[in-house]
Amino acid sequence: MRRPRSGAYGKAKGSPALQFLTRELETRSAADDPSARAMAPLIGATGRALDAALRGEDCAPGLRLARELAAAHRAAHPRARDAVLRAGIHLTHQVLAERPGPAAG
């Protein structure tokens with residue numbers, strides 16, 4: 001099942017929180033915010049991991065990738081003013097890691 005793409009980054013179907021984060025990312029990217037543009041792969045990976053979890057599939061590989069991308073983004077943009085975006089993504093990662101089944105990562 002492929003997610004339809006909307007806008008520059010696509011939308012995560014299963015999560016209103018990720019839909020909000022995607023809209024925020026698009027708004028900031030349009031304002032020429034390099035940190036926000038660099039966050040697009042992270043939000044995409046988080047959305048794919050969440051979609052897998054919602055389908056009952058193993059989301060651990062996607063979650064690992066999303067966490068690696070989050071760490072890389074923090075290292076590359078340590079002074080970015082995107083605490084709300086980062087917090088939302090971090091909380092999504094925590095929920096995915098804590099879900100029962102093979103997805104714990």
Side-chain angles (χ1 to χ4, degrees):
M1 172 190 261
R2 294 184 62 165
R3 228 177 323 128
R5 294 194 53 84
S6 170
Y9 305 107
K11 302 263 190 254
K13 291 190 310 187
S15 169
L18 282 181
Q19 289 173 6
F20 166 79
L21 293 173
T22 301
R23 281 192 305 275
E24 182 71 14
L25 177 67
E26 289 171 343
T27 300
R28 289 180 186 207
S29 293
D32 200 30
D33 182 341
S35 173
R37 280 196 311 277
M39 199 175 271
L42 165 58
I43 290 181
T46 300
R48 287 187 297 277
L50 179 61
D51 287 347
L54 291 171
R55 289 189 303 267
E57 300 170 2
D58 183 8
C59 68
L63 179 57
R64 270 192 300 281
L65 173 62
R67 285 180 162 172
E68 289 170 7
L69 291 170
H73 185 271
R74 278 191 309 275
H77 301 278
R79 295 179 186 207
R81 302 183 76 147
D82 52 13
V84 172
L85 288 170
R86 287 183 186 184
I89 291 168
H90 177 74
L91 289 173
T92 303
H93 293 174
Q94 279 188 300
V95 169
L96 287 172
E98 293 172 359
R99 74 184 275 277

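Keep in mind the model is a prediction, meaning the values are calculated, not measured. Quick note: numbers below take in every heavy atom, side chains included, and nothing from hydrogens, waters or symmetry partners.
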Mind checking whether [X] and [Y] have side chains closer than 4.5 Å, heavy atoms only?
| X | Y | result |
| --- | --- | --- |
| His90 | Arg74 | no |
| Ser35 | His73 | yes |
| Arg86 | Leu42 | no |
| Leu69 | Leu65 | yes |

(message) With rounding to the nearest 0.5 angstrom, report the CD to CD1 distance, Gln94 to Ile89.
(response)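 It is 13.0 Å, given to the nearest 0.5 Å.
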
(message) Using 0.5 Å steps for rounding, measure from the CG atom of Leu63 to the OG1 atom of Thr46.
(response)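 One finds 8.0 Å between CG of Leu63 and OG1 of Thr46.
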
Quick check: closest heavy atoms across [X] and [Y], and the distance to 0.1 Å?
| X | Y | value |
| --- | --- | --- |
| Cys59 | Ala49 | CB-O, 3.2 Å |
| Gly56 | Arg99 | CA-NH2, 4.2 Å |
| His77 | Pro34 | CE1-O, 4.1 Å |

(request) Ignoring hydrogens and angles, tell me if any N or O in the side chain of Arg48 forms a donor-acceptor pair with the backbone of Gly44 under 3.5 Å. (result)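 Answer holds: yes.
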
